Amino acid sequence: MANTIFSEEEIQQFRAETKGAAHKIHFNNAGSALPPDVVVDTVINYLQEEAMNGGYETEFKYKDELENTYNLIARLVNANPDEIAILENASTAWSAAFYAINFKPGDEIITSEMEYVTNLIAFANAEKKSGISVKVIPNDEQGNFPLAELEKAVTPKTKLIAVTQIPSTAGGMVPIVEIGKIARKHNILYLVDACQSAGQLPLDVAEIGCDMFSVTGRKYLRAPRGTGFLYVRKEIQSQLNPIFMDGFTAELVGQHEFKIRNDARRFELYENNRALVLGLGKAVEYALNIGIDKIWQRIQFLANKLRQQLKAIDGITIHDFGDEQCGIITFSVKGIDSTEVKTKLFEKNINVSVGKASSTLIYMDKNQLSSIVRASVHYYNTEEEVGVLCRELKEMMQ
Ligand SMILES: *Cc1c(COP(=O)(O)O)cnc(C)c1O
């Protein structure tokens, strides 16, 4: 694969279409990627039009484009547009699905050690409020999710399997397609946190076999901050009771009766930021035009390069486990606190982030990690940038 995924001209084109790439080395794509200029311009222009012509009037003018965001997201994940709700972030999207499930005392949830903090808080909350219990399947010694253990953990009381495909603070991946087969076989609800996955690698909800699936816009999708979406499989929508409803979500048919919409927008409310919805659509379209397959190959190529080069540096420990790894590279630098590493790199114009134990608590505690440095690569990064990062890290340790 190597350099042939994109030509040098194509990479220069992506960078030319991304203002930030010209003056920053941005390895914080898992935090918030640099958006393409077309995304930023779309949002700004829409806001200008609202200011000039009125919010409702501008919405009317752009109604087809706004609607098209649902079509684009549906294409991205191989769903139908009526299975998509656009929300303001992944935590809202995930929670909208989770809290809509009718748990009964005694119900069980199965998850993995890679689960994200929002989700773990919701589980703890449901344990207290609904009398459910949560089983965590630890990874095996190689850092892989043990499917056989999941099979063993399923009981007639298992109501939900909820996993995160790509954790926030590790480069490994959870096998969501194989887990989906087990969920389907036992007819268990299946909720996937694909927050770090969307825009990074191909996603197909039919292949995954999930019922619900949450995503944020600002990370690998390169969409504006404050955007996200939720997929909910058509067949299960009516089983879920949205917690928030307004006159868009439901129709009040009498003082004591209401009828909830019969599409995934039952999880939205009327008011949202239309400019951002349009920006999200543009970001998805931009990624689709480049090709998610190619994006994923390029990310793996750069991630491998960075891991190889980091491994060769004395004093750097890489923490990513598992057979399959993604664009998130996590490591520690001997004798230097992760936050200080981040600050020092920032002074050199390089953006990385720090992963804290609390964001992926079960995994981090098990591996006795309190914080790690996280460098997350995207397709618009270059091999030269990877080289600069490694050089600066070496210098830092001298
Ligand atoms: C960032 C992240 C989230 C939360 O996304 P928000 O848009 O900040 O709510 C959820 N899951 C994972 C794995 C994440 O990395």
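Numbering starts at 1 and runs along the sequence shown. Not measured: the values here are computed from a predicted model. Every number for a ligand or one of its atoms is a count from 1 in the order of the listing.
- Counting Ile, Leu, Val, Met, Phe, Trp and Tyr side chains that sit under 4.5 Å apart, directly or through other members, L252 shares a hydrophobic cluster with M245, F258, I260.
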Would you mind listing each N/O atom of ligand 1 next to any protein N/O under 3.5 Å, plus the distance?
unit_1: ligand 1; atom_1: 7 (O); unit_2: A90; atom_2: N; d: 3.0
unit_1: ligand 1; atom_1: 7 (O); unit_2: T216; atom_2: OG1; d: 2.6
unit_1: ligand 1; atom_1: 7 (O); unit_2: R218; atom_2: NH1; d: 2.9
unit_1: ligand 1; atom_1: 8 (O); unit_2: R218; atom_2: NH1; d: 3.2
unit_1: ligand 1; atom_1: 8 (O); unit_2: R218; atom_2: NH2; d: 3.0
unit_1: ligand 1; atom_1: 9 (O); unit_2: A90; atom_2: N; d: 3.4
unit_1: ligand 1; atom_1: 9 (O); unit_2: S91; atom_2: N; d: 2.8
unit_1: ligand 1; atom_1: 9 (O); unit_2: S91; atom_2: OG; d: 2.8
unit_1: ligand 1; atom_1: 11 (N); unit_2: D193; atom_2: OD1; d: 3.2
unit_1: ligand 1; atom_1: 11 (N); unit_2: D193; atom_2: OD2; d: 2.7
unit_1: ligand 1; atom_1: 15 (O); unit_2: Q196; atom_2: NE2; d: 2.9
unit_1: ligand 1; atom_1: 15 (O); unit_2: K219; atom_2: NZ; d: 2.9

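- In the model, E17 has a side-chain atom that pairs as donor or acceptor with a side-chain atom of Q13 under 3.5 Å.
- Between K152 and E149 there is a salt bridge, with a side-chain nitrogen of the basic residue lying less than 4.0 Å from a carboxylate oxygen of the acidic one.
- Looking at R15, its side chain never comes within 3.5 Å of a backbone N or O of G20 through a donor-acceptor pair.
- Under the ring-ring contact (aromatic ring centres under 6.0 Å, His included) criterion, Y380 pairs with H378, not counting sequence neighbours.
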Under 3.5 Å, which donor-acceptor pairs link side chains of residues 189-203 to any protein atom two or more places apart or in another chain?
unit_1: Y190; atom_1: OH; unit_2: I176; atom_2: O; d: 2.8
unit_1: D193; atom_1: OD1; unit_2: C195; atom_2: N; d: 3.0
unit_1: D193; atom_1: OD2; unit_2: N119; atom_2: ND2; d: 3.2
unit_1: Q196; atom_1: NE2; unit_2: A30; atom_2: O; d: 3.0
unit_1: S197; atom_1: OG; unit_2: Q165; atom_2: OE1; d: 2.7
unit_1: Q200; atom_1: OE1; unit_2: G327; atom_2: N; d: 2.7
unit_1: Q200; atom_1: NE2; unit_2: Q196; atom_2: O; d: 2.9

